[in-house]
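Read the structure below first, then the notes.
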Amino acid sequence: MDHLFTVAGRLARPISPTGLATEGLLERQHLQEWVIDNPQVLGESVLVITAEFDRWADTDGVPARDRLDILGLDATGRLVVVELKRGTADRDVHLQAITYAALVSRFDLETLAEAHHSFLTGRGQAVELDACRQCLLDHVDGDWSPELLQRPRQVIIAADFPKQVTHTVVWLSEMNLDIDLVQVGLWKVEGHLVVGFTKVYPTPEVEEFTLAPARVETKVAARKLEERSRARNAAHALVAADLLPDGTRLRLTPRHGAPQSIREAILAWVGEDGSRATAVWNNSTAKHLTWEADNKPYTPTGLANHIFKSVTGRTADGIQGTTWWDVDTNSVPNTVDPDEWATLAGASLADLAKQLNGSRKDWTNLHSLLRAIPPGRWTTYGDVASVIDSHAVPVGTHLATCGQCPNAWRVLTVAGRISAGFQWADPTRTDAPADVLAAEGVRFEGGTAAPEARLPLVELRRLLDG
């Protein structure tokens, strides 16, 4: 509010502004209390949860003197972080607000309920913790969302803002970070002080015509980055776990990023040349797929994009290529149990990466487990994989190629048979694994090990635990 007048009929006399410091008003005792009593200056339907919050001092290393001025909760379920300055804001005030927003983004319902309880009891209100928790739940329209808590809105209130702050806040807002700048003004009118709060950024016009399109663009860019990162991480997870042997054949099934009409066009295009539907996996390069149509290397997403453009003539928007390629379970690598390989049918590279749950090529636990399997007992690739948090396929591949795995002959297929890919660590050894198991006390009928000699999964876990 740049100009304020007293009016008497046709006369309008200007009122000179004053300042909080000039009038001896303080940030904490006065400005903060005004906002707590009138939370509408923070936006619609804001509930003040706490003020002067510093509970993170001991756990996060933030000095106790750094206190969050006000923390609110709006009706959408988002936290509102409020930073107050009674004079011109510091040039880095936005950084302070962002720091507090990052800290409170870790809060959950219980943390907020306890903070609200402490705040109210500290102000002389007798209230139970359960009532505070229910108050927060009732304030939010709809279901409580932990995801929304992770994206607090920020409000900075000050008498004025330097250009360093306004320029940075404009850019941060365009990057989809919500920061409001509210200017507090003070006037003296006939011996009375009048305070006003004016939202100077973003104005409704800025939100509608500038921020909204910019934030849409930012969300699109963020989504593309997320999809590319997800695809890259999926490929890395498969390599790290050694799930797919080199030479694994993959079949094309267009999915993510392509509407149904384009999927049908791609499948028709593939039908004209069968080599377009097949790629071969390679663990040792950055581009893990070799496309049979041109024998060139691609990333899963790179090849999906190439196929999309070949069919449509335009660039795809945000394909996650690891969803496009399924394991061809009709082509079984010679190191893999066919029954275990068949379990991969219909699974895309993205699906397989999710199943791995962070598996890595660290076979220390595998070797310890194999060493503990006693004579006269046997187990399966799948059960071993379950115990060491891996997958039956990489376990089988490792046993077939390691050369140092103890008791490898005691690991059989899910059907209780010797794997077709079994190899002795000593290449000169010619005796049959089934004969060795029989000599140890495992009975075989028709090439299948007796089920009573199979180690139960719970017992297998106990062996690893020692």
Side-chain angles (χ1 to χ4, degrees), residues 27-29 31-33 35-36 39 41-43 45-86 89-123 129 132-133 135-137 139-140 143-158 161-162 164-166 168-182 184 201-202 215 218 222 226:
E27 193 172 282
R28 185 175 301 173
Q29 287 89 337
L31 178 58
Q32 183 170 286
E33 289 299 317
V35 175
I36 291 173
V41 303
L42 305 175
S45 302
V46 174
L47 170 71
V48 174
I49 295 176
T50 188
E52 296 298 308
F53 186 88
D54 65 351
R55 292 285 186 84
W56 47 67
D58 293 333
T59 57
D60 292 286
V62 179
R65 57 184 169 80
D66 284 353
R67 299 168 180 261
L68 170 57
D69 292 334
I70 295 175
L71 178 63
L73 177 71
D74 68 22
T76 69
R78 293 183 71 183
L79 294 173
V80 182
V81 172
V82 185
E83 183 67 17
L84 303 173
K85 300 295 179 186
R86 68 170 181 168
D90 303 330
R91 302 200 309 181
D92 60 353
V93 66
H94 52 287
L95 299 179
Q96 194 171 2
I98 290 171
T99 299
Y100 288 136
L103 290 171
V104 302
S105 69
R106 307 174 189 174
F107 288 2
D108 56 17
L109 176 59
E110 291 307 311
T111 305
L112 295 170
E114 291 171 3
H116 194 43
H117 179 257
S118 297
F119 172 69
L120 294 179
T121 55
R123 296 172 74 88
L129 178 60
C132 292
R133 185 185 300 108
C135 177
L136 299 180
L137 292 171
H139 183 72
V140 174
D143 295 333
W144 184 269
S145 171
E147 291 77 16
L148 278 178
L149 292 182
Q150 296 174 6
R151 297 186 60 86
R153 181 167 63 87
Q154 297 154 71
V155 180
I156 304 174
I157 299 178
F161 299 96
Q164 291 90 337
V165 172
T166 55
T168 304
V169 166
V170 169
W171 180 77
L172 289 171
S173 296
E174 291 172 351
M175 294 300 103
N176 210 31
L177 193 68
D178 285 341
I179 304 181
D180 294 350
L181 300 181
V182 176
V184 56
Y201 185 85
R215 286 174 176 172
T218 301
E226 181 182 357

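Being a predicted model, the structure only gives us computed values, none of them experimental.
No side-chain heavy atom of Y201 sits less than 4.5 Å from a side-chain heavy atom of T166. Counting heavy atoms from C-beta on, the side chains of R153 and V155 come closer than 4.5 Å. Contact check for L112 versus L79: side-chain heavy atoms found under the 4.5 Å cut-off.
S105 and A102 make their closest contact through OG-O, 2.6 Å (heavy atoms, listed as atom of the first residue, atom of the second, distance). Between A97 and V81, the shortest heavy-atom distance links the atoms O-CG1, 4.1 Å. Closest heavy-atom contact between P202 and I179: CD-O, 3.8 Å. Residues V48 and P39 share a closest heavy-atom pair of CG2-CB, 4.1 Å. Nearest heavy atom pair, residue P152 against residue V104, reads CG-CG2, 3.9 Å. In plain terms, the two heavy atoms of V184 and K85 that are nearest each other are CG1-O, 4.5 Å.
The distance from the CD1 atom of I49 to the CG atom of L120 is 10.5 Å, given to the nearest 0.5 Å. Within the model, atoms CD of E33 and CZ of R28 stand 11.0 Å from one another, a figure rounded to the nearest 0.5 Å. Taking OG from S118 and NE2 from H116, the interatomic distance works out to 10.5 Å, rounded to the nearest 0.5 Å. Taken from CZ in F161 to NE2 in H94, the straight-line distance is 12.0 Å, to the nearest 0.5 Å. Between the CD atom of E114 and the OG1 atom of T50 there is a distance of 12.0 Å, given to the nearest 0.5 Å. Here the NE2 atom belonging to H117 is positioned 12.5 Å from the CD atom belonging to E110, to the nearest 0.5 angstrom.
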- Query: Stepwise, does the side-chain contact (heavy atoms from CB on, under 4.5 Å) test hold for I98 with L177?
  - Reply: CA-CA 9 Å; I98 290 171; L177 193 68; 4.1 Å; yes
- Task: For side-chain contact (heavy atoms from CB on, under 4.5 Å), just list the numbers for V182 and V41, CA-CA rounded to whole Å, side-chain angles, deciding distance to a tenth of an Å, and then say yes or no.
- Result: CA-CA 8 Å; V182 176; V41 303; 5.6 Å; no
- Would you check, one step at a time, whether the test side-chain contact (heavy atoms from CB on, under 4.5 Å) holds for L137 with L109? CA-CA 9 Å; L137 292 171; L109 176 59; 3.9 Å; yes
- Task: Would you please test Q154 and D180 for side-chain contact (heavy atoms from CB on, under 4.5 Å) and show each step?
- Result: CA-CA 6 Å; Q154 297 154 71; D180 294 350; over 6 Å; no
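Applying side chain to side chain contact (heavy atoms under 4.5 Å, CB included) to E83 and the options V93, D90, I70, T99 leaves one that passes, V93. None of Y100, F119, F107 except one satisfies the ring pair (Phe, Tyr, Trp, His ring centres under 6.0 Å) rule with F53; the exception is F107.
The backbone N or O of R86 lies less than 3.5 Å from a partner atom in the side chain of E27, making a donor-acceptor pair. A donor-acceptor pair is defined here as one N or O able to donate and one able to accept, closer than 3.5 Å; such a pair exists between the side chain of D108 and the backbone of T111. Looking at R78, its side chain does come within 3.5 Å of a backbone N or O of R151 through a donor-acceptor pair. Judged by distance alone, with hydrogens and angles left aside, the side-chain atoms of Q164 form no donor-acceptor pair with the main-chain N or O of D92 at under 3.5 Å. A donor-acceptor pair is defined here as one N or O able to donate and one able to accept, closer than 3.5 Å; such a pair exists between the side chain of H139 and the backbone of L73.
Among residues two or more places apart in sequence or in another chain, the side-chain hydrogen bond (donor to acceptor under 3.5 Å, both in side chains) test is passed with T76 by D74. Applying the side-chain hydrogen bond (donor to acceptor under 3.5 Å, both in side chains) test to T121 and every residue at least two apart in sequence or in another chain returns nothing.
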